[in-house]
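Excluded from the calculations below are hydrogen atoms, water molecules and symmetry mates; all remaining heavy atoms, backbone and side chain alike, are included. Remember, predicted model here, so these are calculated numbers, not experimental data. The sequence lines fix the lettering, A, B, ..., with proteins before strands; numbering per chain opens at 1.
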Amino acid sequence: MDYAAVDYFFIYFSVFITSQAFCLNILWNTRGLRSQLKDSVPVTGLCPQAGPYGVQDSLRRGFSSVKNELLPSHPLELSEKNFQLNQDKMNFNTLRNIQGLHAPLKLQMEYRAARQIQRLPFLPSSNLALDTLRGTDDTIGFEDILNDPVLSEVMGDPHIMTEYKLGVL
Amino acid sequence: MATVSVCKYYPGGFSFDNCKRNALLEADISKLGFSSPAARKTGTTICGVVYKDGVVLGADTRATEGMIVADKNCSKIHYISPNIYCCGAGTAADTEMTTQIISSNLELHSLSTGRLPRVATANRMLKQMLFRYQGYIGAALVLGGVDCNGPHLYSIYPHGSTDKLPYVTMGSGSLAAMAVFEDRYRPNMEEEEAKRLVRDAIAAGIFNDLGSGSNIDLCVITKGKVDYLRPHDVANKKGVREDKVYGHPVTGSYRYKHGTTGVLTKTVTPLNLEVVEESVQTMDTS
């Protein structure tokens, strides 16, 4: 589930619907591609000390301290967490430069629609439509082999997760 | 009993959960004087050469774990596609998994395009993956194959840079092998000459580098045919224990020949025994 999705896709959606002029530059930096990548790594997005059970996980994350929480545990951790996001941004930016603003807008609308096709919140979804749009349905990567979410050992409590999703928690 | 109340979705792939714990352990263990287990490396000599009709790839067969030989006959030439093979040096697990993933992706890609895959495609996939992981995947590869544009040979470094060359060597024995190549390589060789050259280069790596040893494997790729010669040459043959001396098996036998100890006197006393009582006790076999 995409709780952490950066929500400027939603802004795109509303822009499209209200058919504003397409010269809005507030969302795309004109500084160039490299700045795009740097801005997209959220420092505050690092996992907090709480493990899956709500208390701090000393065995895996070590003792809780400010330094521990600010720094990632591995240089690759942040880049891997945001890899798909950064790839998408780069591709959309290139597409916008080549074909105009309409192309990424249309595609992002389709992505948004495909991302809404999910199973119940506590079950893993296949995301087949999203994979097909991205073109990753005929590639195999480490995310398919290692730590497959289908084989995850922990599962959320179904009642609580549905209540959380519906907002009545 | 505690249950996970709101489980965030973890998308899969590498998990960095244990990195902090490992860093703490590393620091503490070295203070106590122990050392953490070393990953199995292939500490290797691999090389490849382009000749008239195709590509010859060569590799030794020793896998080391620190200072110990972990595998005396491991296979370092991995299959990528029917016309493309890849030798791997560096961490054994990394080369194995990387080549398998790229092989699967290339197979799916070729099914999707309907054509025989090209070596440049495999090269591009490998370099993009290795760059994504910034050198933490320790796989140094020699990729070679024959496709519709002819024979190609690439060397790929763990950080993601590649070179397209007529002859390449990688691994800890690469300097020894490159010395042989630089001396005797010439363009458009015949197959036998190319095989001899690669064999000599790998032998130079085997005899002059501690991290390489055992046999020499060769893979000759031409248009439409692949010869996987394993082993092509057993350079380091293990010695055979002397088996028989004077007709008696010697290994593990503690028998002495008759007459080793001289006999002085011999006395024979027969024991006459007669059966007094015989009783049978049944066993409970239920």
Enquirer: Is A/Phe83 close to chain B through its backbone or its side chain, or both, or neither, when contacts mean heavy atoms under 4.5 Å?
Expert: side chain

Enquirer: Considering only heavy atoms, which portion of B/Ile137 lies under 4.5 Å from any heavy atom of chain A: side chain, backbone, both, or neither?
Expert: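 When you check distances to chain A, only side chain atoms of B/Ile137 fall under 4.5 Å.
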
Enquirer: Give me the atom names and distance for the closest heavy-atom approach of B/Phe14 to A/Asn147.
Expert: C-ND2, 4.1 Å

Enquirer: So which part of B/Ser15 gets closer than 4.5 Å to some heavy atom of chain A, the side chain, the backbone, both or neither?
Expert: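 Contact with chain A is through both the backbone and side chain of B/Ser15.
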
Enquirer: Identify the two heavy atoms, one from A/Ile140 and one from B/Ser104, that lie closest to each other, and give their separation to 0.1 Å.
Expert: CD1-CB, 3.8 Å

Enquirer: Step through it carefully: locate the ring centre of A/His74, locate the ring centre of B/Tyr136, and say whether they are under 6.0 Å apart.
Expert: yes

Enquirer: Between atom CG of B/Leu106 and atom OG1 of A/Thr139, what is the distance when rounded to the nearest 0.5 Å?
Expert: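 Answer for the CG-OG1 pair, B/Leu106 versus A/Thr139, is 12.5 Å.
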
Enquirer: Check each atom of B/Met129 against the heavy atoms of chain A and say whether the ones under 4.5 Å are side chain, backbone, both or neither.
Expert: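 B/Met129 touches chain A through side-chain heavy atoms alone.
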
Enquirer: Any chance CD1 of B/Ile68 has more than 12 other-residue heavy atoms, nucleotides or ligands included, within less than 6.0 Å?
Expert: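 No, not enclosed.
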
Enquirer: Are there more than 12 heavy atoms of other residues, nucleotides or ligands under 6.0 Å from atom CG of B/Leu210?
Expert: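 No, CG of B/Leu210 has 12 or fewer neighbouring heavy atoms, counting only those of other groups under 6.0 Å.
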
Enquirer: Can you confirm whether B/His78 is buried at NE2, in the sense that more than 12 heavy atoms of other residues, nucleotides or ligands lie under 6.0 Å from that atom?
Expert: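 Atom NE2 in B/His78 is packed in, count exceeds 12.
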
Enquirer: Taking the six-membered ring for Trp, are B/Tyr133 and A/Phe142 parallel (under 30°), tilted (30 to 60°) or perpendicular (over 60°)?
Expert: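 The arrangement is perpendicular - the two ring planes meet at more than 60°.
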
Enquirer: What part of A/Ile145 is in contact with chain B, defined as an atom under 4.5 angstrom from a non-hydrogen atom: side chain, backbone, both or neither?
Expert: side chain

Enquirer: Give a yes or no on whether B/Lys72 atom NZ has more than 12 heavy-atom contacts from other residues, nucleotides or ligands under 6.0 Å away.
Expert: no

